[in-house]
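Keep in mind that what you see is a predicted model, and the values were worked out from it rather than measured. Just so it is clear: chains get the letters A, B, ... in the order the sequence lines come, proteins before strands, and each one is counted from 1.
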Protein chains: 2
Amino acid sequence: MGITKSEIFTPQQNRLASLAKVLGHPARIAILEQLFKIKTCVCGDLVEEIGLAQPTISQHLKELKNIGLIKGEITGTRVCYCIDVENWEEMKNTLSSFFDLSLPENHCC
Amino acid sequence: MGITKSEIFTPQQNRLASLAKVLGHPARIAILEQLFKIKTCVCGDLVEEIGLAQPTISQHLKELKNIGLIKGEITGTRVCYCIDVENWEEMKNTLSSFFDLSLPENHCC
DNA sequence: ATTATTAATCGTAATATTGCAATATATAAA
DNA sequence: TTTATATATTGCAATATTACGATTAATAAT
């Protein structure tokens, strides 16, 4: 059906999955890495840098913005995108907590 | 087109995205949490626990296994699944490294 | 041998995602 | 005002994902 049965999971599970899902595309990883690399905001340039069509990049940026990982500010005809530092830290913690769940001790395999 | 242009990204970017993608479904998050919770292997029971049909759970388990987050061992008619501790740690580090990229200092927004 | 149990696979329907051309929008420059 | 520039939105085609009923495979129990 292609539809996720979100209603049978906890808000935490759904939130974590949503966050991971947004990170689940190499173009979005590349965009985020570029934002880190240039140490400031991206005002365009991502299209040439990444090599996907402008509408495609725009769409990926939208998803990153929706989940709160980046934010954009319009300056003239350009839009400057940068990491949303506060949310970034929060999501880092969300993922860390999950991965820090204490590992099982009694293996049967 | 529904097809990701993996070839224009680095292996690292694709690897990270693949890992995140697998975590991008609440059922798979729930399965992993359950594996942690019971502190041992899951031999069935996931179907009742999670509330999706048996083929659906089986499919999710397959994806978790493919990426290496869990491993399974056949014992009789049952299959015991548990966290693949070694890979788990590796993936934790992969994600941590990404999130620990030093945050940009010069904000323009 | 037959039956029960458990999990994987197949087939299929519904929905989501990816990517881009075409277009729209909105500001800057001339 | 007209034109150029940058980004968003729309519409669509191709592919992927999710979910599950039906079936299969493989062992256990009777």
Side-chain angles (χ1 to χ4, degrees), chain A residues 1-9 13-14 17-31 34-35 41-67 70-82 108-109, chain B residues 1-9 13-14 17-31 34-35 41-67 70-82 108-109:
Chain A
M1 301 164 183
I3 190 168
T4 296
K5 286 190 158 182
S6 310
E7 70 277 8
I8 68 172
F9 301 104
Q13 287 167 336
N14 284 315
S18 296
L19 171 58
K21 197 173 183 179
V22 169
L23 295 177
H25 193 289
R28 295 192 285 269
I29 295 292
I31 288 172
Q34 184 67 6
L35 282 175
C41 304
V42 160
C43 306
D45 311 334
L46 281 170
V47 175
E48 302 97 79
E49 186 65 36
I50 294 183
L52 289 171
Q54 179 268 322
T56 308
I57 296 292
S58 186
Q59 203 171 267
H60 285 305
L61 286 168
K62 193 177 178 184
E63 287 180 71
L64 289 168
K65 212 164 88 171
N66 283 344
I67 202 81
I70 66 175
K71 54 186 176 180
E73 193 177 77
I74 302 169
T75 61
T77 66
R78 316 194 119 214
V79 178
C80 286
Y81 283 104
C82 62
C108 67
C109 50
Chain B
M1 303 166 179
I3 189 165
T4 295
K5 286 190 159 182
S6 311
E7 69 278 8
I8 68 172
F9 303 104
Q13 287 167 337
N14 284 316
S18 295
L19 171 59
K21 197 171 182 180
V22 168
L23 296 176
H25 193 290
R28 295 192 285 267
I29 296 291
I31 287 171
Q34 185 67 8
L35 281 175
C41 303
V42 160
C43 307
D45 309 336
L46 281 170
V47 176
E48 302 97 78
E49 185 66 35
I50 294 182
L52 289 171
Q54 179 267 321
T56 308
I57 296 292
S58 186
Q59 204 171 266
H60 285 305
L61 286 168
K62 193 178 178 183
E63 289 181 67
L64 288 168
K65 212 164 88 172
N66 283 344
I67 202 80
I70 66 175
K71 54 186 175 178
E73 193 177 78
I74 301 169
T75 61
T77 66
R78 317 194 120 213
V79 178
C80 287
Y81 283 105
C82 61
C108 66
C109 51

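B:Ile74 comes within 4.0 angstrom of nothing in the nucleic acid, heavy atoms only. Contact annotation for B:Ile57: no contact, since no heavy-atom pair falls under 4.0 Å across all strands. Residue contacts shown for B:Thr56 include a base, since a base heavy atom lies under 4.0 Å away.
If you check C:dG19, D:dT9, C:dT15 against the side chain of A:Ser58, the one that comes closest is D:dT9. Residue B:Pro55 has its side chain nearest to C:dT9 when only C:dA21, C:dT9, C:dA7 are considered. The side chain of A:Tyr81 approaches D:dT7 more closely than any other nucleotide in the set D:dA19, D:dT7, C:dT6.
Between B:Lys65 and A:Leu52, it is B:Lys65 whose nearest contact on DNA chain C lies nearer the 5' terminus. Both B:Thr4 and A:Thr4 sit near DNA chain D, but only B:Thr4 has its closest nucleotide nearer the 5' end.
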Would you please test A:His60 and A:Glu63 for side chain to side chain contact (heavy atoms under 4.5 Å, CB included) and show each step? CA-CA 5 Å; A:His60 285 305; A:Glu63 287 180 71; 4.2 Å; yes
Side chain to side chain contact (heavy atoms under 4.5 Å, CB included) evaluation trace for A:Leu23 with A:Arg28: CA-CA 6 Å; A:Leu23 295 177; A:Arg28 295 192 285 269; over 6 Å; no
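Judged by distance alone, with hydrogens and angles left aside, the side-chain atoms of B:Ser18 form a donor-acceptor pair with the main-chain N or O of B:Asn14 at under 3.5 Å.
Taking atom NZ on B:Lys5 and atom P on C:dC20, their separation rounds to 4 Å, with Å as the unit. Going from atom CG of A:Leu61 over to atom P of D:dA6 covers 15 Å, rounded to whole Å. Atom-to-atom, CD1 of B:Ile31 to C1' of D:dA19 comes out at 13 Å; the value is rounded to the nearest Å. Rounded to an integer number of Å, the gap from CD of A:Gln59 to P of C:dA22 is 17 Å. Atom pair B:Asp45:CG and C:dT5:P shows a separation of 15 Å (rounding to whole Å applied). To the nearest angstrom, P of D:dA4 lies 18 Å from CZ of A:Arg78. Distance, B:His25 NE2 to C:dA16 P: 12 Å, rounded to whole Å. Spacing between atom CD1 of B:Ile70 and atom C1' of C:dA8 amounts to 14 Å, rounded to whole angstrom units.
You won't find any donor-acceptor pair under 3.5 Å spanning the side chain of A:Gln54 and the base of D:dA6, going by distance alone.
Side-chain N/O atoms of A:His60 include none lying less than 4.0 angstrom from OP1 or OP2 on C:dT17. Between A:Thr77 and the phosphate of C:dA28, there is no side-chain N or O to OP1/OP2 separation shorter than 4.0 Å. Taking only side-chain nitrogens and oxygens, B:Lys21 comes nearer than 4.0 Å to OP1 or OP2 of D:dT17.
The minimum heavy-atom distance between A:Leu52 and A:Thr56, with the atom names listed, is CD1-CG2, 4.0 Å.
Remark: A:His25 NE2 to B:Gln13 CD distance equals 11.5 Å, nearest 0.5 Å.
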